[in-house]
Every structure is written in C-alpha cells, then in structure tokens.
Amino acid sequence: MSIKENLAIVRQQLKQAAIQSGRTPEDIRLIAVSKTKPVDMIRDALSAKQTAFGENRVQEALEKIEALTDNPELEWHLIGHLQKNKVKFCPGNFKWIHSVDSIELAEKLEARCAFAQKKINVLIQVNLSHESSKSGLQEWGDILQVAETLNAGHWLKFRGLMIIPAPNLGEISTRKIYEKIRGWRDQLRQELGSAEITELSMGMTSDYHWAIQEGATMIRVGTAIFGSRK
Ligand SMILES: *Cc1c(COP(=O)(O)O)cnc(C)c1O
C-alpha cells in the first residue's frame with residue numbers, strides 16, 4: 001500500500017471514530033510520525049496534503065526540516081524527549097513541543113524563544129505509572145507547577161497535555177488513562193484560567209480510535225502511515 005492510500009485509511013478511521021463519539025473530525029489533528037523514515041516518504045505524504053509531522057529526535061528532525069525548507073506549509077512537532085542542550089535548536093524549527101516535563105526545561109525554552117523572538121506551542125508530557133516512556137510527570141502537583149511556569153511565559157504558549165501509555169494495556173485500562181488526563185487538562189484550563197489550554201495529544205497506530213473517543217485533539221500516527229520501523 002502506498003503512503004497516500006495509508007493516509008486515506010487513517011483519515012477515514014479518524015473521521016469514523018470522531019463521528020461515533022459525537023465529535024467534529026476537523027477538531028482532531030493528525031500528526032504523521034516520520035521518525036526513522038526518509039525525506040522522500042515525507043514528500044509523498046505532503047503531496048497527499050499531510051502537513052503536520054512528528055519527530056522524536058532533534059538532530060534527525062533538523063536534517064529533515066533543512067531538506068524540506070521549500071515547503072512553508074509544513075508544521076513540525078517534537079514528540080520525543082527534549083534534552084536541555086538541544087533547546088537552542090527548537091525556536092523557528094518546531095511549531096509544537098509535546099514533551100516538556102520540568103520547570104528547568106520550561107524556563108530554558110522560554111529564554112531561547114525570547115532570544116530568537118519565536119513562539120512555540122507546548123504540551124506537558126504526563127507519565128502515569130507503569131508506562132513505557134521514562135519521560136513525563138506523574139504527580140498532579142508537579143504538572144500544575146510546570147503548567148504555571150509555561151503559562152507565565154510570553155513566547156511559549158501552554159496548550160495542553162501529552163501521554164504515551166504502555167503498549168498492550170488493553171482497551172479498558174488505556175481508556176481510563178486517557179480519561180484521566182482529559183480531566184487534568186480540563187482542571188488546568190480552569191485553574192490557570194486560559195482558554196488556550198485545549199489540547200490532548202494521545203493515541204498512536206494501535207489505539208487512536210480509543211483516544212479520539214476519549215477526547216484526543218492530536219493523534220500521533222507513524223506505522224499506519226509509513227509502515228513498520230526496524
Ligand atoms: C513513534 C511514536 C509514535 C507513533 O507510533 P506508531 O505506533 O508507529 O503509530 C507516537 N508518539 C510517539 C511519542 C512516538 O515516539
């Protein structure tokens with residue numbers, strides 16, 4: 001199957017899951033996760049009108065961004081852990097960062113964005129127990145603190161939460177996790193009084209239909225679009 005055909009299937013399933021849960025398909029952003037995949041594949045997806053791409057390593061992303069600068073409609077999302085020594089590369093390259101998980105990182109990013117005079121939309125990565133990713137915040141108190149720091153920033157726009165649940169938890173447990181972070185997103189919007197805290201980045205190839213039913217506004221799909229990774 002071609003990338004174009006794969007994209008058509010994912011879009012169709014996104015739409016179906018949205019409609020099944022009484023949501024508007026246009027409210028859910030599909031991020032094509034292109035990590036480990038070559039620039040030619042990104043071009044194929046682009047020609048099928050896919051403009052949002054996710055990468056999990058800064059260095060790899062920068063090489064692709066550089067190779068694709070002739071496509072201003074491209075929107076890059078950093079979805080993997082951000083090391084502090086890579087913060088300086090973010091402004092101007094990423095429109096979204098999904099993986100902020102400390103006050104120090106939030107402050108460094110804000111300072112760098114101010115220096116470059118570039119805005120970035122940011123999410124806090126949450127990590128409830130038993131999850132595969134080692135990144136992310138577990139405690140509500142920590143999440144609130146980082147959210148307050150981000151929200152006070154001028155160049156960073158705090159927009160919501162991201163999560164990567166452990167694989168193979170099954171439908172019930174996975175949906176419970178998604179429901180919980182949706183509740184936290186709502187609570188943050190209320191406590192910080194910001195109407196811009198709207199985003200929930202959750203759902204991958206194996207479970208994006210559940211994530212959409214639980215309120216995902218961004219799904220991060222790699223394998224279903226680009227094929228499996230080695
Ligand atoms: C790789 C990756 C994805 C995509 O996973 P698939 O199962 O291939 O859809 C989503 N989110 C993050 C953070 C990833 O690293």
Side-chain angles (χ1 to χ4, degrees), residues 1-14 17 28-39 41-42 44-45 48 50-65 75-83 86 90 93-102 105 120-128 130-138 159-171 173-175 177-178 181 185 199-230:
M1 290 256 263
S2 69
I3 286 172
K4 197 175 180 160
E5 288 168 317
N6 289 342
L7 264 172
I9 292 169
V10 173
R11 285 172 179 150
Q12 182 54 35
Q13 289 182 352
L14 180 160
I28 301 151
R29 189 187 309 240
L30 172 61
I31 300 169
V33 177
S34 48
K35 66 186 185 202
T36 79
K37 300 296 183 184
V39 166
M41 283 192 168
I42 298 174
D44 282 352
Q50 176 64 31
T51 52
F53 291 88
E55 288 283 336
N56 69 340
R57 292 176 53 233
V58 172
Q59 195 54 46
E60 182 183 344
L62 292 178
E63 285 163 22
K64 293 175 182 175
I65 292 168
E75 174 186 298
W76 293 97
H77 293 244
L78 182 66
I79 60 174
H81 179 66
L82 174 58
Q83 290 168 292
K86 297 280 164 61
C90 292
N93 284 314
F94 296 105
K95 189 167 180 200
W96 291 81
I97 295 175
H98 292 229
S99 50
V100 175
D101 63 357
S102 74
L105 184 58
I120 303 182
N121 295 290
V122 289
L123 308 175
I124 293 175
Q125 184 172 352
V126 177
N127 185 351
L128 302 176
H130 314 302
E131 277 160 27
S132 52
S133 169
K134 284 161 217 78
S135 311
L137 293 172
Q138 301 206 10
R159 301 298 306 277
L161 301 176
M162 179 271 229
I163 194 160
I164 313 169
N168 310 319
L169 281 181
E171 177 169 1
S173 305
T174 304
R175 291 179 73 134
I177 287 171
Y178 288 156
I181 83 151
R185 191 262 331 254
E199 304 303 316
L200 279 178
S201 167
M202 56 193 201
M204 318 193 346
T205 291
S206 59
D207 67 354
Y208 66 84
H209 51 295
W210 300 334
I212 289 169
Q213 288 166 352
E214 296 299 339
T217 61
M218 297 176 154
I219 58 172
R220 310 176 309 266
V221 180
T223 307
I225 297 171
F226 297 111
S228 59
R229 293 174 298 271
K230 274 172 235 119

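Scope of the values below: all heavy atoms of this structure, side chains included, with no hydrogens, waters or symmetry mates. First listed ligand is number 1; within each ligand, the first listed atom is number 1. Owing to the predicted nature of the structure, the values given are computational and were not obtained by experimental measurement.
In terms of heavy-atom proximity, L105 sits nearest to V100 at CD2-CA, 4.1 Å. The two residues Y208 and V10 come nearest to each other via the heavy atoms OH-CA, 3.6 Å.
Of all the heavy atoms of H98, none lies under 4.0 Å from any atom of ligand 1, so neither backbone nor side chain is involved.
Using a 4.5 Å cut-off on side-chain heavy atoms (C-beta onward), W96 and L78 make no contact.
Between H77 atom NE2 and S99 atom OG the span is 12.0 Å, to the nearest 0.5 Å. Rounded to the nearest 0.5 Å, atoms CD1 (I79) and NZ (K35) are 5.5 Å apart. Of the inter-residue distances, the one linking L200 atom CG with L161 atom CG reads 6.5 Å to the nearest 0.5 angstrom.
Summary of contacts: the protein heavy atom closest to atom 3 (C) of ligand 1 is K35 NZ, 3.8 Å. Distance from atom 12 (C) of ligand 1 to its nearest protein heavy atom, with residue and atom name: I79 CD1, 3.5 Å. Remark: minimum distance from atom 8 (O) of ligand 1 to any protein heavy atom is reached at T223 OG1, 2.5 Å. Scanning all protein heavy atoms for the shortest distance to atom 5 (O) of ligand 1 gives M204 CE, 3.5 Å. Given atom 11 (N) of ligand 1, the protein heavy atom at minimum distance is R220 NE, 2.8 Å. Of the protein's non-hydrogen atoms, the one nearest atom 9 (O) of ligand 1 is T205 OG1, 2.5 Å.
When each atom of ligand 1 is checked for a heavy atom of G222 under 4.0 Å away, the hits are 4 (C), 6 (P), 8 (O), 9 (O). Contact atoms of ligand 1 toward I164: 13 (C) (distance under 4.0 Å to a heavy atom of the residue). Heavy-atom proximity to V221, at under 4.0 Å, picks out these atoms of ligand 1: 9 (O). Counting atoms of ligand 1 from 1 in the listed order, those under 4.0 Å from a heavy atom of R229 are 1 (C), 5 (O), 6 (P), 8 (O).
A salt bridge links E75 with R29; the closest basic N to acidic carboxylate O contact falls under 4.0 Å.
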Handout entry: Trace of the side-chain hydrogen bond (donor to acceptor under 3.5 Å, both in side chains) decision for T217 with E199
Key = CA-CA 6 Å; T217 61; E199 304 303 316; 2.7 Å; yes
